[in-house]
Amino acid sequence: TDVGHLESEDVGEGEDKIAKKARQEQLEPMEVVQKYMNTFHRNVRELNSLDPDIEPRATGHILEQQEYISRLLDTGIAYESNGSVYFDLDKYNEKYEYGILSGRILEDLVSNTRTLEGQDEKHNVYDFALWKKATPGHIMKWPSPWSVGYPGWHLECSVMSAKYLGEPFDIHGGGMDLIFPHHECEIAQSTAALNKQPVKYWVHNNMITINGQKMARSLGNFITLDELWTGEHELLGKPYEPMTIRFFILQAHYRSTLDFSNEALQGAEKGFNRLMDAIDTLGTVKASAKSTIDVDDLFNKCYEAMNDDLNTPVMISHLFDGVRMINSVADGKEKINDTDLEKLQKLYQAMAFDVLGLKKPEEDRVDTELTGKLIDAILDIRQEAKNVNDYTTADLIRKKLTDLGITIKDTKRGARWEI
RNA sequence: GGUCGGUUGGCCGAGUGGUUAGGCGCUGGUCUGCAAAACCGGUUACGGCGGUUCAAAUCCGCCACCGACCUCCA
């Protein structure tokens, strides 16, 4: 959405958000749009989310929106008034049912509607705009059969989704805060224009809170993704990797609120590292003749959890059950056969990386292959010292490496290190 | 005020009638030269008050608190 996003809190008439920002920062409106889109795309990639196949913009679909308005005018459900076009909810409600998504009843909306500019142009207070006539000084405006103006709020979503996804399309996502009025109005517009429901499934995710309080600029507890990466926020104790944040979010169900706090993030970071360590270990364990663990059961439980409305927290809990299995096998306390080992490796690839979209932390920052060989050589010397019970030297080597940020873990299969 | 949702152990967070969710933290132990890691065990809670039921975190009622939304913000 890069047009028609009005602010109503301001005194007087609402101003387009993009236009307001452009004026404040002395930029062209399209520069403002581009600036925030660039940041958004970078953050989304950092979170390892897939790029969209298409990202249509409202200003690139003014003609399509005008055509859509004409269709709605032809049905008689939309009407023109003083250069603006509105959607008549009473007429819509005669033929269809308004409020099916949010459970609102039209009559209840009358007394609960705020007093706003331009109400007298409308048949009813709850009618919403499809096209707005531009007021003097309005920056972004286009000619139309009704006036020089700009498209109304809910319209672009109905128009662009129908154009690119089809009529109807399968899944419409969004935040729970958009259910009313936005998604409700989308349904009304599209149903009136298409004479059928535009969407098969609505998927709404919940909000996030910070220390139990909703995240809002007005409350001063807003954290940007870049602040999470750098740790530069008074509520944060340290920086967090994007994958820690992704894992943290997936540990809660998408329909639940999620509380951000430094303590919770630290917990997620430790858990995520443990999961990734176990997956590394899974790549090195050796198969035995028989299995003492039930891989099929784990496999089924993971799929059942995802099939249950994408219950990622439950699926992750199963992955942690598997972590215990993997570590026990590595410790020689449990055994796994060839078939099960391959199955287990595929399961973690599928669930942790393909489904949850996690990725391993950046490879150890080894400048060159030589650096790794040097560390291995130093650890060989340390092992020699240990072999002759020269623990003073062994510990000195460990301390020197630790000071350089290299952690040593003595396992049964020899010393392992990571930077 | 209205509509809808929530209140789970130190922290986060699953769970729609009877079975250990899970992670983090804390704690006891095993292993280890020590440390770390790993593993095993402990930490067993459901806002309050009533009710239904053989049995309720889960169903019903009331109360308290929190949150989203209530048409030109999309």
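Below, chain A is the first sequence line, B the second, and so on; all start at residue 1.
The side chain of A:Val314 has B:rA14 as its nearest neighbour among B:rC12, B:rA14, B:rG2. Listed nucleotides: B:rC34, B:rC40, B:rG13. Nearest to the side chain of A:Ser328: B:rC40. Here B:rA35 is the nucleotide among B:rA21, B:rA35, B:rG23 with the atom lying nearest to any side-chain atom of A:Asp410. Of the candidates B:rG15, B:rU71, B:rG13, B:rG15 carries the atom nearest the A:Asn311 side chain, counting heavy atoms from C-beta on. When distances run from any side-chain atom of A:Ser256 to the nucleotides B:rG25, B:rC34, B:rA14, the shortest one goes to B:rA14. Which of B:rC40, B:rG22, B:rG13 sits closest to the side chain of A:Leu258 comes down to B:rG13. When distances run from any side-chain atom of A:Ala394 to the nucleotides B:rC39, B:rG33, B:rA14, the shortest one goes to B:rG33. Nearest nucleotide to the side chain of A:Asp395, out of B:rG33, B:rC39, B:rU71: B:rG33. The side chain of A:Lys270 lies closest to B:rG25 when the candidates are B:rG25, B:rC11, B:rG23. Set against B:rC69, B:rA14, B:rA38, the side chain of A:Asn327 has B:rA38 as its closest nucleotide.
B:rG67: Watson-Crick or G-U partner is B:rC4, with both key distances under 3.5 Å. Pair assignment for B:rU16: none, as no Watson-Crick or G-U wobble contacts are both less than 3.5 Å. Under the Watson-Crick and G-U wobble criteria, each requiring two contacts below 3.5 Å, nucleotide B:rU32 is left unpaired. Nucleotide B:rG41 has B:rU27 as its partner under the Watson-Crick or G-U criteria, with both atom distances under 3.5 Å. Across all strands shown, the partner of B:rG61 is B:rC49, judged by Watson-Crick or G-U wobble contacts whose two distances both fall under 3.5 Å.
Residues that satisfy the ring pair (Phe, Tyr, Trp, His ring centres under 6.0 Å) test with A:Tyr254, not counting sequence neighbours, are absent from this structure. Residues meeting the ring pair (Phe, Tyr, Trp, His ring centres under 6.0 Å) test with A:Tyr391, sequence neighbours left out: none.
Between A:His154 and A:Thr407, it is A:Thr407 whose nearest contact on RNA chain B lies nearer the 5' terminus. Summary of the strand contacts: A:Asp259 and A:Gly271 both lie near RNA chain B, and taking for each the nucleotide with the nearest heavy atom, the more 5' one is attributed to A:Asp259.
We find that CG of A:Asn262 is positioned 15 Å from P of B:rC11, with the value rounded to whole Å. What separates CZ of A:Arg255 from P of B:rG6 is a distance of 9 Å, to the nearest Å. Here B:rA38 presents its P atom at 16 Å from CG of A:Leu282, a figure rounded to the nearest Å. If you measure from atom CG of A:Leu265 to atom C1' of B:rC24, you get 12 Å, rounded to the nearest angstrom. Following rounding to the nearest Å, A:Ile408 (CD1) and B:rA37 (C1') show an atom-to-atom distance of 12 Å. Rounded to whole angstrom, the span from the CD1 atom of A:Ile249 across to the C1' atom of B:rG22 amounts to 18 Å. Rounded to a whole Å, the CG atom of A:Leu178 is 22 Å from the P atom of B:rU3. Across the protein-nucleic acid pair, A:Asp177 atom CG and B:rG67 atom P stand 15 Å apart, rounded to whole Å.
Here A:Phe320 lies in heavy-atom contact (under 4.0 Å) with sugar-phosphate atoms only. Among the heavy atoms of the strands lying under 4.0 Å from A:Tyr98 is at least one base atom, whether or not backbone atoms are also near. When heavy atoms are screened at a 4.0 angstrom cut-off, A:His253 is found touching the sugar-phosphate backbone but no base atom. Among the atoms of the strands shown, only primed sugar atoms or phosphate atoms (P, OP1, OP2) are found under 4.0 Å from some heavy atom of A:Arg324. A:Phe248 comes within 4.0 angstrom of sugar-phosphate atoms only, judged by non-hydrogen atoms across all strands, and of no base.
Taking atom C1' in both B:rU58 and B:rG10, one finds a spacing of 25 Å when rounded to whole Å. Taking atom P in both B:rG67 and B:rU8, one finds a spacing of 14 Å when rounded to whole Å. B:rG48 and B:rC65 are spaced 11 Å apart, taking the C1' atom of each and rounding to whole Å. The gap from the C1' atom of B:rG9 to that of B:rA14 amounts to 14 Å, rounded to the nearest Å. Rounded to whole Å, the separation between the C1' atoms of B:rC49 and B:rA38 comes to 48 Å. Taking atom P in both B:rG15 and B:rC26, the straight-line distance is 28 Å, to the nearest Å. Atom P of B:rG47 sits at a distance of 29 Å from the matching atom of B:rC70, rounded to the whole Å. For the C1' atoms, the distance from B:rG61 to B:rC39 is 49 Å, rounded to whole Å.
Taking the six-membered ring for Trp and the full ring otherwise, the centers of A:His183 and A:His204 sit less than 6.0 Å from each other.
For the pair A:Arg104 and A:Tyr98, the cation-pi criterion (under 6.0 Å, within 45° of the ring axis) is not fulfilled.
Taking only distance into account, the side chain of A:Arg398 meets the base of B:rA35 through a donor-acceptor pair shorter than 3.5 Å. You won't find any donor-acceptor pair under 3.5 Å spanning the side chain of A:Arg104 and the base of B:rC4, going by distance alone.
Comment: A:Asp297 engages A:Lys301 in a salt bridge, judged by a side-chain N to carboxylate O separation of less than 4.0 angstrom. Taking a cutoff of 4.0 Å between a charged side-chain nitrogen and a carboxylate oxygen, A:Arg398 and A:Asp395 qualify as a salt bridge. Residues A:Lys360 and A:Asp280 are paired through a salt bridge, judged by an N-O separation under 4.0 Å between the basic side chain and the carboxylate.
The two atoms that bring A:Ala305 and A:His318 nearest to each other are CB-CD2, 4.4 Å, heavy atoms only.
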